[in-house]
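All remarks here apply to the structure that follows.
Worth knowing before you read on, the calculation uses all heavy atoms, side chains too, and leaves out hydrogens, waters and symmetry mates. Keep in mind the model is a prediction, meaning the values are calculated, not measured. Along the sequence shown, residues carry numbers from 1.
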Amino acid sequence: HYQPIATLGSQTIIGFEVLARSRVLGLESAQALFETAALVQQESELSRILRDEGTRSGLELINRPELFLNTHPAEVGDEQLVRSLTELRLRYPQTPLTLEIHETTVTDSFRMHALHGALRQLNIKLAYDDFGAGQARLIELVDVPPDYLKFDRRLIQDIHAAPAQRQKMLATLVRMVRDLGIEPLAEGVEIPEEGD
């Protein structure tokens, strides 16, 4: 499945997040797929397969939009991740790609510097996913700045009806991220009031 990523103002689609889904009974969601893969310690392999298939199928989307590809936390720091991304880039040299890393796996600056450098050489952008959902650490935004920072949907959901202090906190975070040259993304904007 391809979840559109759009600008808030014009609602222009700038890319799609590639989401794993299955038609197999009991394995419809990504969570169910990864829980099953964990039973045989194949989470990284499943993640790689989903990226490959998501990119291949994404070629059918109009205008070759940027594809945001997820990683499993087990992959970060594994040499196989860079190898698989190199193979992916060789197969799809013209496809704009962004690799999403969950915020909880960004805490090892040495590994993140190495991954960031490898991604730059492959012309693949970097996004930190689910920011603010748990162990969000601001220092990594400076040490290894991503191209995109995806604010977790729990920060965004019903933000229009949230107390002023929560709205102010989010506004401050968005300004800070922009000041660092990082593009903020809001996950889960589903009604116009949240977008406003």
Side-chain angles (χ1 to χ4, degrees), residues 1-22 29-30 33-34 46-73 75-76 81-82 84-103 105-106 112 115-133 136 140-141 144-157 159 170 173-174 177-192 194-196:
H1 282 65
Y2 296 87
Q3 178 71 40
I5 299 172
T7 60
L8 285 175
S10 66
Q11 304 221 350
T12 302
I13 293 177
I14 61 164
F16 289 88
E17 180 177 1
V18 179
L19 301 172
R21 299 294 182 265
S22 167
S29 71
L33 287 166
F34 278 102
L46 175 61
S47 187
R48 184 195 61 75
I49 290 169
L50 293 173
R51 273 194 308 276
D52 289 354
E53 180 58 25
T55 304
R56 187 192 64 74
S57 296
L59 296 178
E60 298 171 14
L61 296 168
I62 297 171
N63 296 328
R64 281 251 175 112
E66 187 165 354
L67 298 177
F68 286 69
L69 307 169
N70 288 292
T71 56
H72 188 274
E75 292 182 283
V76 177
L81 174 60
V82 173
S84 72
L85 292 170
T86 301
E87 292 169 8
L88 191 67
R89 177 47 81 209
L90 289 172
R91 282 196 305 276
Y92 309 105
Q94 302 304 314
T95 303
L97 300 174
T98 294
L99 187 70
E100 293 192 17
I101 304 288
H102 191 272
E103 64 134 13
T105 61
V106 176
M112 287 308 301
L115 178 59
H116 192 258
L119 292 175
R120 287 288 173 257
Q121 288 191 337
L122 294 171
N123 193 27
I124 297 175
K125 292 180 181 176
L126 177 63
Y128 292 163
D129 195 14
D130 294 330
F131 185 81
E140 281 78 15
L141 294 179
V144 188
D147 299 286
Y148 301 100
L149 185 73
K150 296 179 75 178
F151 286 96
D152 187 76
R153 69 178 305 133
R154 287 176 283 181
L155 288 174
I156 306 304
Q157 190 172 25
I159 191 65
L170 184 58
L173 288 170
V174 169
V177 165
R178 284 187 170 146
D179 286 347
L180 293 171
I182 301 167
E183 188 69 34
L185 297 177
E187 292 187 323
V189 174
E190 296 185 3
I191 58 175
E194 289 172 338
D196 293 340

Shortest non-hydrogen separation from Leu81 to Ser84 and the atoms involved: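 Taking every non-hydrogen atom into account, O-OG, 2.9 Å.
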Can you see which heavy atom on Glu100 is nearest to which on Thr71, and at what distance?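 Between these two residues, the closest heavy atoms are O-OG1, 2.8 Å.
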Between [X] and [Y], is there a donor-acceptor pair closer than 3.5 Å when you use the side chain of the first and the backbone of the second?
X      : Y      : result
Thr12  : Thr7   : no
Arg120 : Asn123 : no
His116 : Pro145 : yes
Ser57  : Gly54  : no
Asp147 : Glu183 : no

Are more than 12 heavy atoms from other residues, nucleotides or ligands located less than 6.0 Å from atom CZ of Arg178?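 Open.
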Go through the structure and list residues passing side-chain contact (heavy atoms from CB on, under 4.5 Å) with Leu8, not counting sequence neighbours.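 side-chain contact (heavy atoms from CB on, under 4.5 Å) list for Leu8, sorted by chain: Val189.
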What residues form a side-chain contact (heavy atoms from CB on, under 4.5 Å) with Glu66, not counting sequence neighbours?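 Glu66 satisfies side-chain contact (heavy atoms from CB on, under 4.5 Å) with Phe68, Pro96, Thr98, Lys125, Tyr148 only.
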Quick one about Arg51 and Thr55 (side-chain donor to acceptor, distance below 3.5 Å, no hydrogens or angles considered), yes or no? no
Is the shortest side-chain heavy-atom distance between Asp152 and Glu187 below 4.5 Å?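 Result yes, sub-4.5 Å side-chain heavy-atom pair found.
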Are Ile13 and Tyr2 side-chain neighbours, meaning at least one heavy-atom pair lies under 4.5 Å? no
Using a strict cut-off of less than 4.0 Å between a Lys/Arg side-chain nitrogen and an Asp/Glu carboxylate oxygen, indicate whether Glu75 and Arg48 qualify as a salt bridge. no
